[in-house]
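Taking it in order: structure first as structure tokens, then the write-up.
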Protein chains: 4
Amino acid sequence: MTQLDAPPKLGRKRDLTRDPEILDAALEVLSEVGYEGMTIDMVATRAKAGKATVYRRWDSKAELVIDAVACMKQADLEPDKLPDTGTLRGDLLAMIKPRTIDESERKLRVMAGLMSLIASSPELAETAHAAIVEPRLAVNRLFLQRAIDRGEISADVDVELIASISQSMVSYRVLMLRKAMKPEYMRSVIDNIVLPAVGLGR
Amino acid sequence: MTQLDAPPKLGRKRDLTRDPEILDAALEVLSEVGYEGMTIDMVATRAKAGKATVYRRWDSKAELVIDAVACMKQADLEPDKLPDTGTLRGDLLAMIKPRTIDESERKLRVMAGLMSLIASSPELAETAHAAIVEPRLAVNRLFLQRAIDRGEISADVDVELIASISQSMVSYRVLMLRKAMKPEYMRSVIDNIVLPAVGLGR
Amino acid sequence: MTQLDAPPKLGRKRDLTRDPEILDAALEVLSEVGYEGMTIDMVATRAKAGKATVYRRWDSKAELVIDAVACMKQADLEPDKLPDTGTLRGDLLAMIKPRTIDESERKLRVMAGLMSLIASSPELAETAHAAIVEPRLAVNRLFLQRAIDRGEISADVDVELIASISQSMVSYRVLMLRKAMKPEYMRSVIDNIVLPAVGLGR
Amino acid sequence: MTQLDAPPKLGRKRDLTRDPEILDAALEVLSEVGYEGMTIDMVATRAKAGKATVYRRWDSKAELVIDAVACMKQADLEPDKLPDTGTLRGDLLAMIKPRTIDESERKLRVMAGLMSLIASSPELAETAHAAIVEPRLAVNRLFLQRAIDRGEISADVDVELIASISQSMVSYRVLMLRKAMKPEYMRSVIDNIVLPAVGLGR
DNA sequence: CGATAAACGAGACGGTACGTCGCGTCTTCTG
DNA sequence: CAGAAGACGCGACGTACCGTCTCGTTTATCG
């Protein structure tokens, strides 16, 4: 992670334009050869940077990748761009768009590459979670809260638990079963699991 | 995976007692330093074996680890030791035993370390799936089928999908949210998600 | 070498007091860690200067060092301070003073550090030679010429060759044999080699 | 330096054929790009070896080079191949052969590259001296001793000093003055300096 | 029973990425 | 604008691990 500690006044300033360039290069390489195949040299070379410049900003390959992934901002998840169809089912189904699905799947696969690192570094895990997992959960939480507010579903449901269903199912399918994240599957999860769980049975 | 290909008659027999010793050493190291931190040398040294002896049995670090995890035989999952309480809920809840939970969690964490490898090797993924994921799924499938057979739940439910719910939720919680696999949580998943999904609402 | 090219009128004048300070710092570091161990950063830091200030004055580490050594002005070698005893032997022996010896030895050791650079850069070699080797040769040449002029030795002697004897012997002893530059040794060289070579046998 | 410490019985033996191959590669690279330009990777690649294999045998670039140079055995300097003309002058002149000169010059140039390292490592210096400088001195010592034995020159001459004259002059010329090691020059040194020094004046 | 062949512990091998450090240049701010 | 501080691109350093190969030894089976 880029640490900014004390205010460094003297000397040449970090060239802040290099950060996104390096992160972009990292994402590029990452999507081409995966985490294991990725090399700091590859990233540096592609960003026309020296290795030292990379290591000056991130302490290790893992931290660089985490930051890179964190910067994969998913525009579709921004509050003002979220659907508001009037029904929980409508909202949930509205999130099943090719672009959204695709980005999610890419994030998940990157996350997979990081799992082993995450396992041995709580702080790294936290960053990864905040960047990749949390945003998607927040969306589901919002949909559920709106449904509660409009009386569509009971206020007793465990929002946190229900919000994580679709993410769990999708992660499992993609990472463990290694199957693609198909729209049909997502629809099936919503209709057969999420909605019954909130009392909106078939 | 231990390959036995052609019948090798000549020469010294492979010392079969070394297999479990090496696997145990692997599990030990694995739990201490994680997949990334683990070294074939570490495992070999700890098992008082040579690296060649390890590589004669497994083609790569990844395969060794998968086998090691697969060999964490979960006695609880063997067909004849499974509960049969007469109700789906009873069966599912009966699986929530400290020992079972603990073993599952360990397996999952090891699986996490392998994710990046799995991502780049379909066959490795298949092996890992068969060894770690599938057994647990089979149990759920069995429970569901029995419930269908006894008319407790509709024969229309998507057994495959429902069977994967608890595994998905638990994996997500452990790997992504990095929280422990508590019994309360598992009960909550069963009562609030699985059962509603098969029409056995609250 | 300090290059002054065109007369720079505009802006702040180059602080000429920095030159000797940097050179002194260079000599200091040089004597502590040797040429290989010396770093431009070390020199700059010790002189409380920036690296750019150093590089504005010298094109490379090697040139800085050469200049530093060249600036170890050996007052003893200035024409008007040279001995003139009336005999070649007297002149040569008169140069054997602790301070002179010491300075020569230090110069030689620094020169050693530069050898590899010198080997790959004729111009650098030329500079180093002019700064370190030549002054000492000039003295010997002068002594020999005076001896010829006063008829002490034959005009046929190869002045250039003879002048280089003592320097050669001393360099070899210090650099190759790694022995100190003792007065006895120098006297021995003069009496047993130089003087016989010009026909002034024992 | 290759250390052999305790007798290592277990495990695969060092492939002793790799040593000379690596040393040869080192000498090759050395003569092409010089000490500064030489890279361990270059040497390893050229010897079709891994870097680790090089570092397993030598602790640093410097030690590798020293050893490489030490292995530049000069066949001409072996006792039984030395000339024995019956006169000191004859013996000395007999050493002025193109091949001998050439090898000496190469050694000297390599030595130059090592000077900076030598300056900061007495043991390295010792090795370099024994490998490069000493053999040549031994030859001169032998010639002088034979001359003394046959009564050609006085037994009073400082053999050690005289033996080092030609080496000193040649080193100086090659390294400091950066001139080639010409036969005429060597003859001049013998006739004008060495012989007068032992009382065999013109 | 001796020969043969494979397995064994140990560790060297070729290869490749790691993270560090120095060079010489470039950029920023301060006096 | 010179100067101090320090980031930059580059590239070598020496280390560590991978998966393979070789050594000397042990252990089984075959002839």
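The sequence lines fix the lettering, A, B, ..., with proteins before strands; numbering per chain opens at 1. Since we're looking at a predicted model, the values are computed, not measured.
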Note, D/L27 side chain near D/V65 side chain (heavy atom, < 4.5 Å): no

B/R56 side chain reached by B/R18 side chain, heavy atoms, under 4.5 Å: no

side-chain N/O B/T53 vs E/dG9 OP1/OP2, d < 4.0 Å: yes

Rounded distance (Å) that lies between atom P of F/dG9 and atom CG of A/D15: 8 Å

D/D41 CG - F/dG14 P separation (whole Å): 11 Å

Of the listed nucleotides F/dA5, E/dG24, E/dA12, the one nearest the side chain of B/K51: E/dA12

Any C/K61 side-chain N or O less than 4.0 Å from OP1/OP2 of E/dC23: yes

F/dG3 phosphate, OP1 or OP2, under 4.0 Å from C/R57 side-chain N/O: yes

Minimum side-chain heavy-atom gap B/L23-B/W58 below 4.5 Å: yes

Whole-Å gap separating P (E/dC23) and CH2 (C/W58): 15 Å

Atom pair distance, as rounded to whole Å: CG in D/L10 and P in F/dT26: 11 Å

OP1 or OP2 of E/dC8 under 4.0 Å from side-chain N/O of B/R56: yes

5' priority, DNA chain E, between C/A62 and D/A44 [closest heavy atom]: D/A44

Minimum side-chain heavy-atom gap C/V43-C/M38 below 4.5 Å: yes

Whole angstrom value for the distance that separates P of F/dA7 from CG of A/D19: 13 Å

Sub-4.0 Å heavy-atom contacts from residues 28-39 of chain C onto DNA chain E, ordered by number: C/M38, C/T39

No-H, no-angle donor-acceptor pair, A/R12 side chain to F/dA7 base, under 3.5 Å: yes

Interatomic spacing from CD in C/E126 to CD1 in C/I66 - rounded to 0.5 Å: 10.0 Å

Side chain proximity check, A/L64 to A/I22, heavy atoms < 4.5 angstrom: yes

Nearest listed nucleotide, side chain of D/A52, among E/dG15, F/dC30, F/dG14: E/dG15

Euclidean distance, atom CZ of residue B/R14 to atom P of E/dA5 [Å, nearest integer]: 19 Å

Residue met sooner reading DNA chain F from 5', once C/T45 and B/I40 are mapped to nucleotides: C/T45

Toward the 5' end of DNA chain F, by each residue's nearest nucleotide, A/A49 or C/L16: C/L16

Heavy-atom side-chain contact between D/R106 and D/L30 under 4.5 Å: no

Distance test, side-chain N/O of C/Y55 to OP1/OP2 of E/dT25, below 4.0 Å: no

Between F/dT25 (P) and B/K48 (NZ): distance, integer Å: 20 Å

Check: B/Y35 and B/V110 side chains under 4.5 Å, non-hydrogen atoms: no

